[in-house]
Structures are given as C-alpha cells and as structure tokens.
Amino acid sequence: MQYIQKLSFVSLVIISLAVSFLAHANAPKEIFWEDLIPQGHVQIDTQDQASHEGSEQNWVQPDLDAPVVKELDGQSVSLPGFVVPLEGDSEVITEFLLVPYFGACIHVPPPPPNQIVHVTIKGGVPIESLYDAIVVTGIISTETWSGDIAQVGYKIKAVGVAPFEL
C-alpha cells in the first residue's frame, strides 16, 4: 500500500512538472524594440532626428539595409508599440504596422525596417485610440514587407492584442 502511495505521489509530481514546463514553454517571449536590432549593429536613432519641418530628405526612411535578428524567426513573442492602421473598417483593424513610438510613419519619417513590424490578425481587433500603446502577441518572422508607407523587416501573425500597461 505504501508503495502505491509513493508511486502515486511521484506520478503526480512528474505530471505537475510536465504541465508547468509545457505552460512555460508555450508562453510568449517578452521582447522590446532593442531586441530587434542585432548585437553589434549601430542603429540610427530616427526618433530624435524626426522633425515636422525641414527638407524632403527628412521624410526618407533611413537604413533600408538594417539587419534583423534571425534567431527570432518563428518564436512566440509579445512586443509593445503603437499602431499605424493599414486595413480594416471603423470597428476593427486586420492589418497594421507596429512602431516603437507614436507618430512614426504618419507624422515623422519611418524608422529603419528592423524597427517596424507588419502585423496581421485574423478576424481583426478593435483599437480604442491610436495614441495609446498596445502589446501584440503572436509568431514573429523575419520576412520583409513593403508598402507605400515603409519597408518592414519583421512580420507578426498576431493571436492577441492588449492595451500596454506599465
């Protein structure tokens, strides 16, 4: 009888550890914009240089050959940022650019491609305000995308979008 109790206890511990491991293994990796820049690459800081005034040169997207972090390809991630809507209606958006700071690609020149993520979400998602930061969760790829607004270095197939909270 004592053998069966020990065996049951050990089985319960193994199952608990397995469930905990699987839950942790499937949890998205929380990343930030600096994680999208390969180590050793000197990134141009476009946010400080962005100005609403000046020459047309100021509106050109810089560093079109900015490298991406290939190791991120295929990973489940969560990334905060701001929305630049591309497709949708008055209720939901199904496609948008995620950018590191408000106004990028709309009011100021776009950042380098490795600082813009093209996001698609099946069924769409309501966005309350373009002024508010959000967090996108999904599978990231190092696939490029190019549109009228900017060239992009990453794509995310989103499974969730939530308000960003500090």
Side-chain angles (χ1 to χ4, degrees), residues 17 20-88 93-122 125 127 129-166:
L17 288 173
S20 175
F21 174 76
L22 288 174
H24 181 69
N26 292 332
K29 177 181 181 181
E30 189 174 324
I31 63 171
F32 298 96
W33 292 97
E34 59 269 14
D35 298 321
L36 301 180
I37 303 169
Q39 264 189 330
H41 177 71
V42 178
Q43 187 76 27
I44 298 170
D45 183 4
T46 57
Q47 185 174 5
D48 291 338
Q49 294 174 347
S51 169
H52 294 277
E53 302 179 22
S55 69
E56 288 294 316
Q57 167 185 335
N58 189 41
W59 285 91
V60 175
Q61 184 177 12
D63 204 5
L64 291 177
D65 295 327
V68 296
V69 178
K70 301 270 188 215
E71 294 79 15
L72 289 173
D73 196 45
Q75 289 192 27
S76 176
V77 299
S78 287
L79 178 66
F82 292 89
V83 172
V84 178
L86 296 174
E87 293 289 331
I93 60 172
T94 56
E95 181 180 0
F96 59 93
L97 299 180
L98 189 68
V99 293
Y101 49 90
F102 175 76
C105 300
I106 297 176
H107 301 292
V108 296
N114 65 3
Q115 293 293 282
I116 307 174
V117 179
H118 178 252
V119 179
T120 54
I121 184 161
K122 193 173 185 172
V125 63
I127 299 294
S129 170
L130 297 179
Y131 296 102
D132 297 332
I134 62 166
V135 176
V136 174
T137 301
I139 304 298
I140 193 167
S141 71
T142 54
E143 183 180 345
T144 60
W145 179 88
S146 187
D148 292 338
I149 297 175
Q151 183 173 315
V152 172
Y154 295 95
K155 291 178 92 172
I156 290 181
K157 288 191 186 225
V159 295
V161 174
F164 176 73
E165 296 181 17
L166 291 175

Requested in this report: Work out which heavy atom in Q61 is nearest to a heavy atom in P112; give both atom names and the distance.
Outcome: NE2-C, 3.8 Å
**Report entry** Shortest non-hydrogen contact between Q115 and P100, atoms and distance
**Finding:** O-CD, 3.1 Å
Query raised in the report: What closest approach, in Å, do P62 and P110 show between heavy atoms, and which atom pair accounts for it?
Result: CD-O, 3.2 Å
**Report entry** Inter-residue atom distance T142.OG1 - E71.CD, 0.5 Å rounding
**Finding:** 9.5 Å
Query raised in the report: Is any side-chain heavy atom of L64 closer than 4.5 Å to a side-chain heavy atom of P113?
Result: yes
Requested in this report: Taking the side chain as every heavy atom from C-beta outward, state whether V125 and I134 have any atom pair closer than 4.5 Å.
Outcome: no
Query raised in the report: If you round to the nearest 0.5 Å, how far is CG of D65 from CD of Q151?
Result: 8.0 Å
Requested in this report: Identify the residue among I149, V84, L36, V152 that makes a side-chain contact (heavy atoms from CB on, under 4.5 Å) with I116.
Outcome: V152
**Report entry** Side chain to side chain, V69 and P38, heavy atoms closer than 4.5 Å
**Finding:** yes
Query raised in the report: Is I127 close to V161 at the side-chain level, that is, under 4.5 Å between some pair of heavy atoms?
Result: yes
**Report entry** Working for side-chain contact (heavy atoms from CB on, under 4.5 Å), residues W145 and L86
**Finding:** CA-CA 13 Å; W145 179 88; L86 296 174; 3.7 Å; yes
Query raised in the report: Does D35 use its side chain to pair, donor to acceptor, with the backbone of F32 at less than 3.5 Å?
Result: yes
Query raised in the report: Roughly how far, to the nearest 0.5 Å, is the OG1 atom of T120 from the CZ atom of F96?
Result: 9.0 Å
Query raised in the report: What are the two closest non-hydrogen atoms of V60 and P109, and how far apart are they?
Result: O-CB, 4.2 Å
Query raised in the report: Going through the checks in order, is the side-chain contact (heavy atoms from CB on, under 4.5 Å) test met by H118 and E95?
Result: CA-CA 7 Å; H118 178 252; E95 181 180 0; 2.6 Å; yes
Requested in this report: Calculate, to the nearest 0.5 Å, the distance between atoms CG and CH2 belonging to N114 and W33 respectively.
Outcome: 9.5 Å
Query - Reported CD-to-CD1 distance for the pair E87 and I121, which is rounded to 0.5 angstrom - result: 15.0 Å
Report summary line: Rounded to the nearest 0.5 angstrom, the CG-CD1 distance for D63 and I37 is 9.5 Å
Query raised in the report: Counting only N and O atoms by type, is there a donor-acceptor contact under 3.5 Å from the side chain of Y131 to the main-chain atoms of F102?
Result: no
Query raised in the report: Is E30 reaching over with its side chain to a backbone N or O of L79, donor-acceptor style, under 3.5 angstrom?
Result: no
Report task. Taking the side chain as every heavy atom from C-beta outward, state whether P85 and L130 have any atom pair closer than 4.5 Å. Result -> yes
